[in-house]
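Keep in mind it's a predicted model, so treat the numbers as computed, not measured. FYI, side chains are in, hydrogens and waters are out, and symmetry mates aren't considered; it's all heavy atoms of this structure.
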Amino acid sequence: MRAVDIIQKKRDGGELSSEEIAYLIQGYSRGDIPDYQISAWAMAVYFQGMNARETGDLTLEMAKSGDQVDLSPIAGIKVDKHSTGGVGDKTTVVLAPLVAAAGVPVAKMSGRGLGHTGGTIDKLESISGFSVEMDRERFFAQVGEIGAAVIGQSGNITPADKKLYALRDVTATVESIPLIASSVMSKKIAAGADAIVLDVKTGSGAFMKTLDDSIALAQAMVDIGTHLGRNTVAVISDMDQPLGFGIGNALEIKEGIETLKGQGPKDLEEVSLILGSHMLVLGGKARDEAEARAILKSHIADGTALEKFKQMVDAQSGDVTQIESPDKLPAAKRLIEVKAAAAGYVDGIQAEEIGIAAMLLGAGRETKESVIDLAVGIYLTKKVGDAVAAGETLAVLHVNDAAEDKVAEAESKVIEAYRISSSPVVPPPLVYALVTKDGVTRY
């Protein structure tokens, strides 16, 4: 078997065998196949695509390239949730304790953020003392005892994917649905989940900007999960404006706490209930989404969801008093109000621009070496559909030590992100579609 023959076969539109895919990925992982040949193969995939079986085989080979977590010591059906990323997306902070309170174990390995704001791990580190590092035995014990743990990803999860992604990034082959889908799903498969709920974002602040592309990516990932024996569903949710009001690490933790109390933003609560309902159904704790939703709402109403979060924070050495009194979380030194120039109705908020503005203030990483300021960020006071008067506050910048030119640039980006209409505006739907192994349901 030769790499050049496999490249040629895919270039000409052929279907690669499981053995050919294994040969390529294993050879590349060992260093036997050079970057230039894998680059050529990735470009061939970009143009010719891969079918569901090929994409599933690619996913499995990347998952097998490093550590694979065996969650079988933890009782119950382990359901993982993955979001394709967005601005203000703090659903894991809500879902881990909420779903665990309903009896579905959440053994989650999350990453740090590179871009707009921190990842889930960075957000949780806003809580003083919160530790995201623990060995596997303690991880299993915590999930078994209290039902939830969120830790940092192992350094050796899917090394073939890390190597391939870095190559795709410099060869203009990132935007390939089979390669994106296999990259995401290889990490989920390696992390050991029995079932997977995917939150595929669509819109200006998402990786996939159009609904059709988002559905295509969701279908590819659901196909992979099905091919590899994991019950997988995908929700297509809106990212044409940030989720919730807070963008920034401590701001998002505070909003997560409010949501667990039933006092959070309605859009964040609704998306969390939708995703959580699917997690409960896949986890065998509810017959359908309606029953699951009622269970989740009861755990918010009676305080058990918030109590579960406090248990998780305490088990991971975090300061529980900050959950009881969120004003103790890191806070910025100064607040800058961004005002509307004209009266009207908020017609749109470019989520990506808001995310970049938050990064300029220090809420995210411009490079891997950047140090995040956990206190800073942006709090939106107006969302799509809201009426606004001239001079009224649209958003508040939470600022610490960012250079004044960056603060000014962030303020400009927030102003430019808001579109104001003279006519009333209907807010966009929160969820556009559900993708399962049986097909696509559009709402």
Original post:
Just wondering, more than 12 heavy atoms not from E324 lying within 6.0 Å of its CD?
Top reply: yes
**OP:** Compare all side-chain heavy atoms of V222 with those of V233 and state whether any distance is below 4.5 angstrom.
**Re:** no
Original post:
Just by distance, with hydrogens left out, do K81 and T91 show a side-chain donor and acceptor under 3.5 Å apart?
Top reply: yes
Original post:
Which distance, rounded to the nearest 0.5 Å, do you find between the CG of L282 and the CZ of R230?
Top reply: 13.0 Å
Subject >> Pairwise side-chain contact, I151 with Q316, heavy-atom cut-off 4.5 Å (strictly under) >> reply: yes
Original post:
Is the shortest distance from a Lys or Arg side-chain nitrogen in E258 or K261 to a carboxylate oxygen in the other one below 4.0 Å?
Top reply: no
Subject >> Atom of G284, atom of I77 and distance for their closest heavy-atom approach >> reply: N-CD1, 4.3 Å
**OP:** Nearest 0.5 Å please: distance from the CG atom of L251 over to the NE2 atom of H398.
**Re:** 5.0 Å
**OP:** For the pair S183 (side chain) and L179 (backbone), establish whether a donor and an acceptor sit closer than 3.5 Å, ignoring hydrogens and angles.
**Re:** no
Original post:
Does a side-chain N-to-carboxylate-O contact under 4.0 Å join D57 and R53?
Top reply: yes
Original post:
Could K123 and E255 be called an ion pair, given the rule that one side-chain N must be under 4.0 Å from one carboxylate O?
Top reply: no
Subject >> Sidechain-backbone polar pair: E125 side chain, S131 backbone, donor-acceptor under 3.5 Å >> reply: no
Subject >> Side-chain touch I33/Y23, heavy atoms, less than 4.5 angstrom >> reply: yes
Original post:
Taking atom NZ of K254 and atom CG of L329, what is their separation to the nearest 0.5 Å?
Top reply: 6.5 Å
Original post:
Can any side-chain N or O of D80 pair as donor or acceptor with the backbone N or O of I196 at less than 3.5 Å?
Top reply: no
Original post:
Does a side-chain N-to-carboxylate-O contact under 4.0 Å join K187 and D161?
Top reply: yes
Original post:
What's the spacing between T158 OG1 and Q68 CD if we round to 0.5 Å?
Top reply: 10.0 Å
Original post:
For residues D212 and T210, is any side-chain donor paired with an opposing acceptor at under 3.5 Å?
Top reply: no
Original post:
If we only count heavy atoms from C-beta on, is the T92 to S83 side-chain gap below 4.5 Å?
Top reply: no
Original post:
Is Q241 reaching over with its side chain to a backbone N or O of V384, donor-acceptor style, under 3.5 angstrom?
Top reply: yes
**OP:** For I247 and A358, work out which heavy atoms get closest and say how close.
**Re:** CG2-CB, 3.7 Å
Original post:
Any side-chain heavy atom of H227 sitting closer than 4.5 Å to one from M185?
Top reply: no
Original post:
At what distance, to the nearest 0.5 angstrom, does CD of E54 lie from CD1 of I224?
Top reply: 11.5 Å
Subject >> Ionic contact status for R293 with E270, cut-off 4.0 Å >> reply: yes
Original post:
Between S29 and K163, is a side chain to side chain donor-acceptor pair (under 3.5 Å) present by the stated rule, with each step listed?
Top reply: CA-CA 8 Å; S29 296; K163 197 174 177 184; over 6 Å; no
**OP:** Please determine if K383 and D267 form a salt bridge, counting it only when a charged side-chain N lies under 4.0 Å from a carboxylate O.
**Re:** yes
**OP:** Look at atom NZ of K297 and say whether more than 12 heavy atoms of other residues, nucleotides or ligands are closer to it than 6.0 Å.
**Re:** no
**OP:** Kindly give the heavy-atom pair with the smallest separation between G244 and L380, and that separation in Å.
**Re:** O-CD1, 4.4 Å
Original post:
Does any non-hydrogen side-chain atom of N156 lie less than 4.5 Å from one of P159?
Top reply: yes
Original post:
What's the verdict on side chain to side chain contact (heavy atoms under 4.5 Å, CB included) for V79 and V197, showing C-alpha distance, side-chain angles and the deciding distance?
Top reply: CA-CA 7 Å; V79 185; V197 174; 4.1 Å; yes
Original post:
What's the shortest heavy-atom distance between V200 and A234, and which atoms?
Top reply: CG2-CB, 4.3 Å
Original post:
Sub-3.5 Å donor-acceptor pair from the side chain of N400 to the main-chain atoms of K333, do we have one?
Top reply: yes
Subject >> pair L24-Y28: side-chain heavy atoms closer than 4.5 Å >> reply: no
**OP:** Ignoring hydrogens and angles, tell me if any N or O in the side chain of Q322 forms a donor-acceptor pair with the backbone of S128 under 3.5 Å.
**Re:** yes
Original post:
Can you check whether A363's main-chain N or O pairs, donor with acceptor, with N249's side chain at less than 3.5 Å?
Top reply: yes
Original post:
Please walk me through it: do L71 and D194 pass side chain to side chain contact (heavy atoms under 4.5 Å, CB included)?
Top reply: CA-CA 9 Å; L71 296 178; D194 300 313; 6.0 Å; no
Original post:
Judged by modelled atom types alone, do E145 and Q311 share a side-chain donor-acceptor pair under 3.5 Å?
Top reply: no
**OP:** May I ask you to decide if S72's main-chain N or O and D70's side chain share a donor-acceptor pair within less than 3.5 Å?
**Re:** yes
**OP:** Output yes when a side-chain donor or acceptor of R168 lies under 3.5 Å from a complementary backbone atom of A42, and no otherwise.
**Re:** no
**OP:** Inspect the contact between R2 and D5 and indicate whether a charged nitrogen and a carboxylate oxygen are less than 4.0 angstrom apart.
**Re:** yes
Subject >> Side-chain donor/acceptor of E252 to backbone N/O of G248, under 3.5 Å >> reply: yes
Subject >> Exercise: do D199 and S237 side chains pair donor with acceptor under 3.5 Å >> reply: yes
Subject >> Minimal non-hydrogen separation, L98 against H299, with atom names >> reply: CD1-CB, 4.2 Å
Original post:
How many angstroms lie between atom NZ of K9 and atom CD of E20, to the nearest 0.5 angstrom?
Top reply: 3.5 Å
Subject >> K406, NZ: over 12 other non-hydrogen atoms inside 6.0 angstrom >> reply: no
**OP:** Please report the closest heavy-atom contact between A332 and A375, naming both atoms and the distance.
**Re:** N-CB, 3.8 Å
Original post:
Mind checking whether F130 and I253 have side chains closer than 4.5 Å, heavy atoms only?
Top reply: no
